[in-house]
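As structure tokens, the structure follows; a few thoughts come after it.
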Amino acid sequence: QVQLVESGGGLVQAGGSLRLSCAASGRTFSSYSMGWFRQAPGKERQFVASITWSGSNTYYANSAKGRFTISRDNAKNTVYLLMNSLKPDDPAVYYCAARSGGGSGYYSTTYNYWGQGTQVTVSS
């Protein structure tokens, strides 16, 4: 069992940056691939980025490439999402998730555990 708690969301001006954190409980965190998703009101949950258990491979949605960076610290049981150059279409609730499989982690159905989400708001 893995419990995930996101933090770091908030209000930021367009062009600004935020770093989201996701703290995981359990001793097996390092065996899970991790992902970040987001969901805006009235829209489906959308893949943002993922990282394999070792951190050696990362994957990004086209909307995140060049602006967002996913990373993890297995010693701290934490995964991060650094978001730069935030745009007015980035606001959403951002969720982290854990899965035991390999691959890109693009599909939300492949994840076993989810956090409660953290709100990101961007002012123009």
Side-chain angles (χ1 to χ4, degrees):
Q1 191 81 355
V2 176
Q3 292 185 326
L4 304 171
V5 179
E6 301 96 333
S7 62
L11 172 64
V12 64
Q13 285 190 328
S17 299
L18 279 176
R19 189 179 79 158
L20 306 183
S21 299
C22 174
S25 65
R27 295 176 294 175
T28 60
F29 172 75
S30 60
S31 67
Y32 287 92
S33 295
M34 302 295 295
W36 285 96
F37 288 75
R38 66 186 183 185
Q39 188 167 19
K43 295 188 177 181
E44 293 185 353
R45 192 165 294 189
Q46 180 184 52
F47 172 77
V48 176
S50 66
I51 187 167
T52 53
W53 67 272
S54 66
S56 59
N57 292 301
T58 57
Y59 304 90
Y60 295 93
N62 287 335
S63 59
K65 285 179 183 176
R67 299 190 300 130
F68 294 2
T69 302
I70 188 171
S71 61
R72 67 190 296 161
D73 186 338
N74 286 342
K76 296 182 178 179
N77 281 11
T78 302
V79 63
Y80 305 97
L81 184 68
L82 175 62
M83 304 186 295
N84 295 320
S85 303
L86 283 162
K87 300 178 179 180
D89 57 354
D90 287 322
V93 177
Y94 282 70
Y95 298 91
C96 74
R99 62 190 181 93
S100 55
S104 66
Y106 184 85
Y107 297 101
S108 61
T109 53
T110 62
Y111 289 81
N112 307 101
Y113 304 102
W114 291 84
Q116 84 290 346
T118 185
Q119 178 71 51
V120 171
T121 305
V122 179
S123 64
S124 57

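A distance-only check finds a donor-acceptor pair linking the side chain of T52 to the backbone of N57 [under 3.5 Å]. Between the side chain of N112 and the main chain of S100, a donor-acceptor pair closer than 3.5 Å is present. With hydrogens and angles ignored, the 3.5 Å screen pairs a side-chain donor or acceptor of E6 with a backbone N or O of C96. No donor-acceptor distance shorter than 3.5 angstrom exists from the side chain of T78 to the backbone of A23, with no hydrogens or angles considered. Between the Q13 side chain and the S123 main chain, no donor and acceptor come within less than 3.5 Å of each other.
We find the CZ-CG distance between R38 and L20 to be 11.0 Å, quoted to the nearest 0.5 Å. Considering CZ of R67 and NZ of K87, their distance stands at 4.5 Å, rounded to 0.5 Å. Atom OG of S63 sits about 5.0 Å away from atom CD of Q46, to the nearest 0.5 Å. With rounding to the nearest 0.5 angstrom, the OG atom of S54 is 8.0 Å from the CG atom of N74. Interatomic distance, CG of D73 versus OG of S30, reported as 11.0 Å (0.5 Å rounding). In this structure, OG on S33 lies 9.5 Å from CH2 on W53, to the nearest 0.5 angstrom.
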- request: Report the C-alpha separation of N84 and S17 in whole Å, then their side-chain angles, then the decisive distance to 0.1 Å, and conclude whether the side-chain hydrogen bond (donor to acceptor under 3.5 Å, both in side chains) test is met.
  value: CA-CA 4 Å; N84 295 320; S17 299; 2.7 Å; yes
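None of Y94, Y107, Y111 except one satisfies the ring pair (Phe, Tyr, Trp, His ring centres under 6.0 Å) rule with F37; the exception is Y111.
Taking 4.5 Å as the limit, some side-chain heavy atom of F68 sits within range of a side-chain heavy atom of D90. Between T69 and M83, the closest side-chain pair of non-hydrogen atoms is not below 4.5 Å. Side-chain contact check for V79 versus I70: some heavy-atom pair is nearer than 4.5 Å. Between T121 and V12, every side-chain heavy-atom pair lies at or beyond the 4.5 Å cut-off. At least one side-chain heavy atom of T58 sits under 4.5 Å from a side-chain heavy atom of Y60. When side chains are defined from C-beta on, T118 does not count as touching V93, because their heavy atoms never get closer than 4.5 Å.
Closest of all the heavy-atom pairs between A98 and L4 is N-CD1, 3.8 Å. Shortest non-hydrogen contact noted between A24 and F29 is CB-CD1, 3.3 Å. When all heavy atoms of S31 and T28 are compared, the pair lying nearest together is OG-O, 2.6 Å. The shortest heavy-atom contact between S124 and A14 is CA-CB, 4.3 Å. Here the closest non-hydrogen pair linking P91 and A40 is O-CB, 3.8 Å.
A cation-pi arrangement is absent between R72 and Y32 under the rule of less than 6.0 angstrom and at most 45 degrees off the ring axis. Judged by the 6.0 Å distance and 45° axis criteria, R45 is positioned over the aromatic ring of Y95.
Under a hydrophobic clustering in which Ile, Leu, Val, Met, Phe, Trp and Tyr are joined whenever their side-chain heavy atoms come within less than 4.5 Å, directly or via other members, V2 and W36 fall into the same cluster. Note on M34 and Y113: same hydrophobic cluster, where clusters join Ile, Leu, Val, Met, Phe, Trp and Tyr whose side-chain heavy atoms are under 4.5 Å apart, directly or indirectly. The cluster map of Ile, Leu, Val, Met, Phe, Trp and Tyr, joined by side-chain heavy atoms under 4.5 Å apart, puts V48 and Y59 in different clusters.
Taking a 6.0 Å sphere around CD of Q119, one finds it holds more than 12 heavy atoms contributed by other residues, nucleotides or ligands.
F47 and Y106 have tilted rings, their planes meeting at an angle from 30° to 60° on a 0 to 90° scale.
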